[in-house]
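Note that ligands are numbered from 1 as they come in the structure, with each ligand's atoms numbered from 1 the same way. Here the structure is a predicted model, which is why all the values come from computation and not from measurement. Heavy atoms only: backbone and side chains are in, while hydrogens, waters and symmetry mates are out.
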Amino acid sequence: MAKTRTAQELEKIFLEFAYYNDMKGVAFKPRAYELASESMAALGDEIKETWSRGGIKELKKLPGVGQSTAEKIDEYFRTGKIKEYAALKKEFPVDMWGLSRIEGLGPKHIRDLYKYLKVKNLTDLKKALKAHKVQKIPLWGEKSEEKLLRGLGLMEQAAGRKLLGYVLPLADEIVTQISKVKGVKRCTYAGSIRRKQETIGDIDLFATAANSEHVMDAFVNLPQVASMHEKGKTRASVRLNNGMDCDLRVVPDEVFGATLQYFTGDKRHNVLLRQYALSKGYTLSEYGLFKLTKKGTRKRGKLVVCKTEEEIYKHLGMDTPPPELRVGEDELEAAKKHALPNLIPYGSVKGDMQVQTDWTDGNTSIEGMAKAAKELGLSYMAVTDHTKALAFVGGLKDADVIKQGKEIDKLNKKLRGFRILKGTECDILKDGSLDLKNETLAKLEWVGVSIHSSFRLSRADQTRRLLRAIENPNVDCIMHPMCRIIGKREPIDYDMDEIIASAKKHRVALEIDAFPDRSDLRDIHVRAAVRAGVKLVISTDAHHPAHMSFIPLGEAIARRGWASKSDILNTKPVGELLSYLAKK
Ligand code: DGT
Ligand code: CA
Ligand code: CA
Ligand code: ZN
């Protein structure tokens with residue numbers, strides 16, 4: 001999923017195409033371009049490779065890429081631009097990409113903002129908001145202005161930090177490239193990436209090498225680097241093409257463990273660990289664990305250990321907390337008592353429990369998604385298309401769900417070593433009732449339910465709504481339970497303790513939706529669910545084959561929430577999973 005500037009530019013261009021077409025009221029095309037843009041985002045550099053291999057003909061084989069999209073991509077790679085795009089830009093010189101990042105700001109709004117207030121970009125928009133001009137646009141009013149302000153605030157909160165799911169592949173790529181530099185012994189990332197936090201401020205790398213200057217030169221000349229902040233003998237700092245900062249330090253190989261521990265953080269964890277070390281007569285730094293010359297002083301004496309993280313923690317009488325747990329709360333207490341959880345290992349998930357197909361807003365057939373899942377090493381997936389309340393994505397009616405089940409039966413006869421489960425992502429309506437009939441739900445193997453509307457109900461009403469859904473005996477799982485979209489939508493408000501207690505009582509699982517901007521449940525909720533004995537599932541919410549590679553991100557959230565393999569239902573083989581579900 002590597003993304004160079006080319007792939008990123010195509011992703012942006014097609015999203016803008018979608019917006020321009022929508023603004024002009026063209027039917028169908030906006031959705032097609034949006035899917036094309038999602039495809040560019042998911043495929044990254046594969047786009048260019050595919051084009052080089054066989055031009056338009058090969059491009060059309062990619063999911064979400066039809067004739068007209070393929071022609072545009074071809075024109076882009078041949079000539080460096082797309083004429084139709086340039087013409088649209090001239091007609092509407094608006095920063096669609098920048099403005100579209102604000103939740104609730106659709107194409108028609110952007111058109112109005114330009115038409116009435118000549119708003120072209122975020123700076124213009126902020127000025128217009130400040131002067132309260134936005135509410136004066138015909139049919140807009142004060143409420144729209146407030147909503148826009150909220151959206152802008154959310155976007156700005158997230159600015160500067162990037163989602164783990166998009167940073168991790170980039171960090172892996174840089175580590176691989178540095179590891180290949182002559183004389184490099186080891187290279188790894190530390191900081192928030194190693195702790196697998198949901199958002200990442202900057203990338204912290206370090207390496208051990210025979211010749212550090214060699215490494216510095218290679219680093220600042222990487223293709224991912226946009227500009228250089230500074231470069232010394234053993235430390236360099238750069239700005240990457242995606243706007244993030246990245247530091248690389250070269251350290252002596254003997255102190256690798258100590259450095260790794262120090263730069264993994266987080267800061268609170270390190271502060272607590274250092275305090276504990278002091279109380280035991282040691283001092284800890286990025287160079288290792290040292291004996292104090294005298295207890296009570298802070299003077300550093302003899303070096304004790306520094307080669308590995310494990311020996312540092314061990315020397316202090318504790319187990320090593322996995323990086324995902326290092327948040328400076330109770331993990332050190334558990335480590336001292338040898339009571340750290342046996343975290344779910346990466347690679348444990350056997351099936352994806354939330355997959356959209358071209359029956360609704362996914363861009364690939366059921367069979368195509370199944371093949372992709374199989375290629376990723378999964379042995380099953382649940383098809384969970386949306387239901388009719390989501391009319392804008394063509395949500396399925398009861399009859400469609402039954403029809404889809406028949407197609408799945410046929411496919412299952414054909415596929416070897418892979419099982420497709422008949423499922424749904426059934427809408428929870430405002431009053432907590434469900435969007436499909438009970439008799440339909442009863443025919444499915446996997447009933448996920450979720451909220452896609454009335455996000456701002458009162459806490460009491462939202463709690464009641466979810467409880468009613470959980471109490472329906474057909475329901476197996478609450479999907480993306482918080483309904484947040486990082487940087488775009490606040491989580492909904494309800495009494496999580498009550499929901500967890502009811503989920504336990506009614507044997508309903510909670511989902512960890514691994515899609516990077518959802519990451520929903522969050523780690524703290526996972527931990528509460530695990531404590532209460534509520535089962536979880538990890539799924540990707542895939543709308544494209546490439547999205548299924550998000551599973552490790554869900555496993556990371558589970559690990560941050562102290563979950564073991566046995567807490568996660570879809571680590572079971574499909575037979576065991578089905579018999580678990582049948583017992584309900
Ligand atoms: P980020 O970049 O905001 O996503 O979060 P981190 O945790 O990667 O933070 P960063 O990049 O500032 O520093 C990386 C690690 O280095 C941090 O987790 C702990 C360690 N570290 C950095 N500065 C300090 C410091 O002043 N004191 C201590 N104890 N540790 C530090
Ligand atoms: Ca960092
Ligand atoms: Ca840093
Ligand atoms: Zn959903």
At a 4.0 Å threshold, what atoms of ligand 1 neighbour a non-hydrogen atom of [X]?
{"X": "Gly201", "value": "1 (P), 2 (O), 3 (O), 4 (O)"}
{"X": "Arg161", "value": "1 (P), 3 (O), 4 (O)"}
{"X": "Asp266", "value": "18 (O)"}
{"X": "Ile200", "value": "4 (O)"}
{"X": "Arg195", "value": "7 (O), 18 (O)"}
{"X": "Gly191", "value": "8 (O)"}

Between [X] and [Y], a side-chain donor and acceptor under 3.5 Å:
{"X": "Glu511", "Y": "Ser539", "result": "yes"}
{"X": "Thr440", "Y": "Asp398", "result": "yes"}
{"X": "Asp427", "Y": "Thr387", "result": "no"}
{"X": "Asp352", "Y": "Thr540", "result": "yes"}
{"X": "Gln356", "Y": "His547", "result": "no"}

Sub-3.5 Å N/O-N/O distance, Thr199 and ligand 1: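 N/O-N/O distance under 3.5 Å: no.
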Sub-3.5 Å N/O-N/O distance, Ser192 and ligand 1: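 In this structure, Ser192 places an N or O atom under 3.5 Å from an N or O of ligand 1.
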Euclidean distance, Asn363 CG relative to Met369 CE, rounded to 0.5 Å: 7.5 Å
Atom pair CZ (Arg186) and OG1 (Thr208), whose distance is rounded to the nearest 0.5 Å: 5.5 Å
Arg465 charged N/C atom sitting above Tyr494 aromatic ring, 6.0 Å / 45°: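 Not satisfied by the 6.0 Å and 45° rule.
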Ligand 1 contact by Val271, heavy-atom criterion under 4.0 angstrom: no
Going by salt bridge (charged side-chain N to carboxylate O under 4.0 Å, His left out), name the residues that satisfy it together with [X], two or more places apart in sequence or in a different chain.
{"X": "Asp523", "answer": "Arg560"}
{"X": "Arg468", "answer": "Asp431"}
{"X": "Arg522", "answer": "Glu198"}

[X], portion touching ligand 1 at heavy-atom distance under 4.0 Å:
{"X": "Asp202", "value": "both"}
{"X": "Thr264", "value": "backbone"}
{"X": "Gln197", "value": "neither"}

Within-4.5 Å side-chain heavy-atom neighbours: Glu38 and Glu11: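 Heavy-atom side-chain distance check fails, nothing below 4.5 Å.
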4.5 Å side-chain heavy-atom contact, Glu311 and Lys307: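 With C-beta onward as the side chain, the pair touches.
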Asp202 near the Ca ion (ligand 2): N/O/S under 3.0 Å: yes
Name of whichever N/O/S atom of Asp204 is nearest to the Ca ion (ligand 2): OD2
Residue selection (non-hydrogen contact nearest atom 12 (O) of ligand 1) among Arg268, Lys267, Arg326: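 Shortest heavy-atom distance from atom 12 (O) of ligand 1: Lys267.
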Proximal protein heteroatoms (N, O or S) of the Zn ion (ligand 4), under 2.8 Å: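 Hits for the Zn ion (ligand 4) below 2.8 Å: Glu425 OE2, His452 NE2, His480 NE2.
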